[in-house]
Amino acid sequence: MTITVCLIPGDGVGKEVIPAAAQILEELQLGIQFTHAEAGWECFERHGDALPQTTLEAIRAADGALFGATQSPSTKVAGYRSPVLAMRRAFDLYANLRPTTSLPVPGCPEGIDLLIVRENTEGLYSGRERREGDTAITERVITVGASERIARCAFDLARTRPKKLVTIVHKANVLKESDGLFRESCLKVATEYPDVRCDELLVDACAMWLVKKPQRFDVLVMENLFGDILSDEAAGLVGGLGIAPSANIGAGKAAYFEPVHGSAPDIAGKGIANPIGAVLSAAMLLDHVGQPEAARRIERAVTSVLSAGILTRDLGGDATTDQVTREVLARL
Ligand code: NAI
Ligand code: MG
């Protein structure tokens, strides 16, 4: 069966790293059929829509989408909606998987192999915000349904990993209602998995332990905003945003894979963006479409390139996006 991959470069460095990742997918000769779609700020400026219907259709038709990044304004712009949030909502992509593993880059501690499983549909990103005079209110929505399904996702994944440990991360000591419910829901799901160990940490303590002893962790499950923040922190442990991949998956076929970083306007257009976050996201896509061996081939090639000291500027080297991509291709 032909695998269809929809490429959505988006804005800024997305336009540099997605073509790099696509070249690597092509090199594997899996007969992947590529489709192309637009999303993001430039797309909004051109078409008045940051996530056109045609893009949604293209994602629906594909086995997986590879997404770059978008440039989102920090102030409200009439008609603009963040395409990543809209994609997650449109396809109910409730799980955001953000793995962090030790890589052979300068300063990276050894023995890290953790996976942040971030609830992707509610929490503080509920979209329920309003102004009441001088007061701004954002509703932090937590439901039993979303909490239980993200917990199941975390426990199912932990089952497949050597350590088989899930850490529930929350702030139930202060957010007694919302995180109280999240914690309860996760602990209830934990009872269905007697073969997986389970512990819990308050989110602030977790932030400290991630720095102090990241090797203690396996799978961590948490609410949307906490997952957003702690996954960037985790990426910082192993070399930064340039190498961090992620997956957005749900119950259906639609899924998209993206480097954790944004459009990086400070380096966009210079040909120096690190393509590895996008390349490792392509490997996660291959796992999703049932090509784990091809995914491992990509990971081995990336590790070999990094070991050889071929590093972009964010990792302390001076290699360009193209050079790193060519070295990965050569090792496939
Ligand atoms: P950013 O991730 O774009 O950049 C943060 C820092 O990391 C910058 O110094 C940048 O140069 C560096 N960096 C990022 N990607 C890199 C790469 N591939 N290689 C080397 N260095 C890299 O985050 P920032 O600056 O906070 O946001 C810029 C824009 O991106 C904003 O408009 C923001 O809304 C958007 N954004 C979009 C995301 C998405 O599409 N999923 C995620 C995060 C931010
Ligand atoms: Mg983020």
Side-chain angles (χ1 to χ4, degrees), residues 7-22 24 37-45 50-51 55 59 65-77 80-91 93 96-98 103 105-106 116 118 120 125 224-225 227-249 255-282 284 302 305-306 310-325 328:
L7 301 174
I8 313 172
D11 299 317
V13 294
K15 288 186 284 191
E16 300 163 51
V17 299
I18 295 304
I24 280 152
E38 280 183 283
W41 180 250
E42 281 183 21
C43 176
F44 174 73
E45 289 189 313
L51 185 65
T55 298
I59 298 169
L66 195 55
F67 181 79
T70 60
Q71 180 118 13
S72 286
S74 291
T75 51
K76 239 182 177 174
V77 174
Y80 180 84
R81 52 174 182 160
S82 158
V84 287
L85 297 183
M87 278 193 288
R88 290 167 189 169
R89 217 156 271 155
F91 298 108
L93 305 177
N96 188 192
L97 311 182
R98 298 187 163 191
L103 287 168
V105 297
I116 290 183
R118 161 187 175 194
N120 224 7
Y125 293 176
N224 213 334
L225 175 71
D228 194 1
I229 297 171
L230 293 191
S231 58
D232 276 27
E233 184 193 352
L237 289 170
V238 300
L241 284 176
I243 55 177
S246 74
N248 293 268
I249 59 172
Y256 79 91
F257 302 80
E258 57 169 344
V260 172
H261 64 73
S263 60
D266 52 335
I267 58 163
K270 295 184 181 158
I272 57 170
N274 192 339
I276 288 177
V279 170
L280 292 177
S281 300
M284 291 184 85
V302 164
V305 169
L306 294 172
I310 301 154
L311 308 171
T312 42
R313 217 172 56 176
D314 54 311
L315 299 177
D318 58 6
T320 63
T321 311
D322 268 352
Q323 280 167 336
V324 171
T325 308
V328 176

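Computed from heavy atoms alone, side chains included, the values below leave out hydrogens, waters and symmetry copies. Note that the structure is a prediction, hence the values are computed from the model and not measured. For the single chain, residues carry numbers from 1 onward in sequence order. When a ligand or atom number is given, it counts from 1 through the structure's own listing order.
- Residue Gln71 approaches ligand 1 through these ligand atoms, each under 4.0 Å from one of its heavy atoms: 32 (O).
- Annotation: side chain of Tyr256 is in contact with side chain of Arg88 (closest heavy-atom distance under 4.5 Å).
- The distance from ligand 1 to the heavy atoms of Pro265 drops below 4.0 Å at these ligand atoms: 28 (C).
- Within the 4.0 Å heavy-atom shell around ligand 1 one does not find Thr312.
- Distance alone, capped at 3.5 Å, places no donor-acceptor pair between the Asp318 side chain and the Thr312 backbone.
- Remark: ligand 1 and Ala264 share an N or O pair separated by less than 3.5 Å (distance only, no angle test).
- Heavy atoms from other residues, nucleotides or ligands lying under 6.0 Å from CG of Asp266 number more than 12.
- Annotation for ligand 1: atoms under 4.0 Å from non-hydrogen atoms of Ala69 are 40 (O).
- Within the 4.0 Å heavy-atom cutoff, Leu241 counts among the residues contacting ligand 1.
- A donor and an acceptor atom, one from each side chain of Thr320 and Asp322, are nowhere located under 3.5 Å apart.
- The atoms of ligand 1 that sit less than 4.0 Å from any heavy atom of Ser263 are 3 (O), 28 (C), 29 (C), 30 (O).
- Residue-level proximity to ligand 1 for Glu258 is carried by the side chain, the only part with a heavy atom below 4.0 angstrom.
- Results of the side chain to side chain contact (heavy atoms under 4.5 Å, CB included) test with Leu97 over Asn248, Asn120, Ile249 single out Ile249 as the only residue that passes.
- Judged by the shortest distance from any of its heavy atoms, Val260 lies inside the 4.0 Å radius around the atoms of ligand 1.
- For Pro83 against Ala39, the heavy-atom pair with the smallest separation is CB-CB, 4.2 Å.
- Comparing Asn248, Ile243, Asp266 against atom 9 (O) of ligand 1, the shortest heavy-atom distance belongs to Asp266.
- Within the 4.5 Å cutoff, the side chain of Thr321 has no heavy atoms near those of the Val13 side chain.
- Side-chain atoms of Glu16 come within 3.5 Å of backbone atoms of Gly269 as a donor-acceptor pair (strictly under, hydrogens ignored).
- Near Ser72, meaning under 4.0 Å from one of its heavy atoms, ligand 1 places the atoms 32 (O), 34 (O).
- Among the atoms of Ala273, none of the N or O lies under 3.5 angstrom from an N or O of ligand 1.
- Every atom of ligand 1 is numbered from 1 in the order shown, and the set under 4.0 Å from a heavy atom of Asp314 is 20 (C), 21 (N).
- The closest side-chain heavy-atom distance from Ile59 to Ile8 is below 4.5 Å.
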